[in-house]
Amino acid sequence: MKQPIEHYENRAGGKGTMHIEHLLSPEEMGPHVKMYARVTIDVGSSLGYHAHHGDSETYYILEGKARYHDNGTIRILEPFDVTHTPDGASHGIENIGTTPLVFMALIISSVR
């Protein structure tokens, strides 16, 4: 069941505003999925570079253009691109386009 949209400023040391629309409740996701959400990052905003410990995260880009910092490598992302950050790796993403950056985010626990 869709959850309320959360709004964040300067998330993980990033800049500007991002919005997280959780698509499933914790009960619906079960014990191994930490988040399944539609994320929107405003123009000129970013989610700061951060590490994953005990989980992995995958993005599927729906709209916009991004600069993605992938554990030391910079990539440009556009719709239909997919990223994966495994347990122990780091990443960050910045909206470098002229429209909101929208993507699906899935965080899966590595701890069993």
Side-chain angles (χ1 to χ4, degrees):
M1 171 179 286
K2 207 162 141 177
Q3 304 297 304
I5 297 174
E6 298 172 348
H7 308 280
Y8 296 95
E9 295 291 327
N10 310 315
R11 182 85 169 174
K15 60 185 177 185
T17 307
M18 68 179 289
H19 317 275
I20 300 177
E21 180 181 0
H22 294 274
L23 301 175
L24 296 174
S25 70
E27 296 77 27
E28 291 168 318
M29 291 186 295
H32 302 294
V33 177
K34 289 185 171 182
M35 185 176 82
Y36 177 57
R38 182 177 189 260
V39 178
T40 302
I41 298 179
D42 291 346
V43 174
S45 298
S46 65
L47 170 59
Y49 189 72
H50 61 282
H52 281 264
H53 300 288
D55 58 36
S56 64
E57 185 167 26
T58 300
Y59 295 160
Y60 178 71
I61 306 300
L62 298 171
E63 301 173 24
K65 186 174 185 178
R67 179 181 297 117
Y68 182 69
H69 188 173
D70 182 11
N71 211 45
T73 301
I74 303 296
R75 297 172 39 203
I76 301 300
L77 303 177
E78 297 183 296
F80 312 114
D81 286 337
V82 176
T83 70
H84 178 72
T85 303
D87 187 4
S90 300
H91 67 157
I93 191 166
E94 178 181 8
N95 182 345
I96 60 170
T98 58
T99 60
L101 173 65
V102 182
F103 57 92
M104 301 303 298
L106 174 65
I107 300 177
I108 298 175
S109 176
S110 301
V111 181
R112 303 258 179 209

Subject >> Residue pair R11 / I41, side-chain heavy-atom distance below 4.5 Å >> reply: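 Not touching, per the 4.5 Å side-chain cut-off.
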Ignoring hydrogens and geometry, is there a side-chain-to-backbone donor-acceptor pair from [X] to [Y] under 3.5 Å?
| X | Y | value |
| --- | --- | --- |
| D55 | S110 | no |
| D87 | S56 | no |
| N71 | A89 | no |
| S45 | T17 | yes |

**OP:** Kindly work out whether a path of hydrophobic side-chain contacts (I/L/V/M/F/W/Y, heavy atoms less than 4.5 Å apart) joins L62 to M18.
**Re:**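 In one cluster with L62: M18, no.
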Subject >> L24 versus E28, closest heavy-atom pair with distance >> reply: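 Shortest heavy-atom contact: CA-OE1, 3.4 Å.
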Subject >> Which atom of A37 lies closest to which atom of H22, heavy atoms considered >> reply: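 Shortest heavy-atom contact: CB-CA, 4.0 Å.
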**OP:** Check each of H19, K15, H7 against D42 using the side-chain hydrogen bond (donor to acceptor under 3.5 Å, both in side chains) test, and report the only one that passes.
**Re:**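 By the side-chain hydrogen bond (donor to acceptor under 3.5 Å, both in side chains) criterion, D42 pairs with just one of H19, K15, H7: H19.
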Original post:
What distance separates I20 CD1 from I5 CD1, expressed to the nearest 0.5 Å?
Top reply: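 Atom-to-atom, I20:CD1 and I5:CD1 are 11.0 Å apart.
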**OP:** To the nearest 0.5 Å, tell me how far T83 OG1 sits from H69 NE2.
**Re:**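 Going from the OG1 atom of T83 to the NE2 atom of H69 covers 13.0 Å.
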Subject >> ring-ring contact (aromatic ring centres under 6.0 Å, His included), paired with F103, selected from Y60, Y68, Y59 >> reply: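 Going through Y60, Y68, Y59 one by one, the ring-ring contact (aromatic ring centres under 6.0 Å, His included) with F103 is satisfied by Y59 alone.
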**OP:** May I ask you to check whether over 12 heavy atoms, not counting those of Y36, lie within 6.0 Å of atom OH?
**Re:**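 Check fails, neighbour count at 12 or below.
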Original post:
Can you name the residues that form a salt bridge (Lys or Arg N to Asp or Glu O under 4.0 Å) with K65, not counting sequence neighbours?
Top reply: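 For K65 there are no salt bridge (Lys or Arg N to Asp or Glu O under 4.0 Å) partners, ignoring immediate neighbours.
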Subject >> H91/H50 aromatic ring centres below 6.0 Å >> reply: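 Under 6.0 Å, so yes.
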Subject >> Passing candidate, side-chain contact (heavy atoms from CB on, under 4.5 Å) with I107, options H32, M29, M35 >> reply: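 Looking at H32, M29, M35, the match for I107 under the side-chain contact (heavy atoms from CB on, under 4.5 Å) is M35.
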Donor-acceptor contacts under 3.5 Å from residues 73-80 side chains, at least two apart:
none

**OP:** Return the set of residues passing ring-ring contact (aromatic ring centres under 6.0 Å, His included) with H84 (not counting sequence neighbours), or none when no residue passes.
**Re:**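 Checked H84 against ring-ring contact (aromatic ring centres under 6.0 Å, His included); zero matches.
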**OP:** Let me see the working for E63 and T99 under side chain to side chain contact (heavy atoms under 4.5 Å, CB included), right down to the final yes or no.
**Re:** CA-CA 8 Å; E63 301 173 24; T99 60; 5.7 Å; no
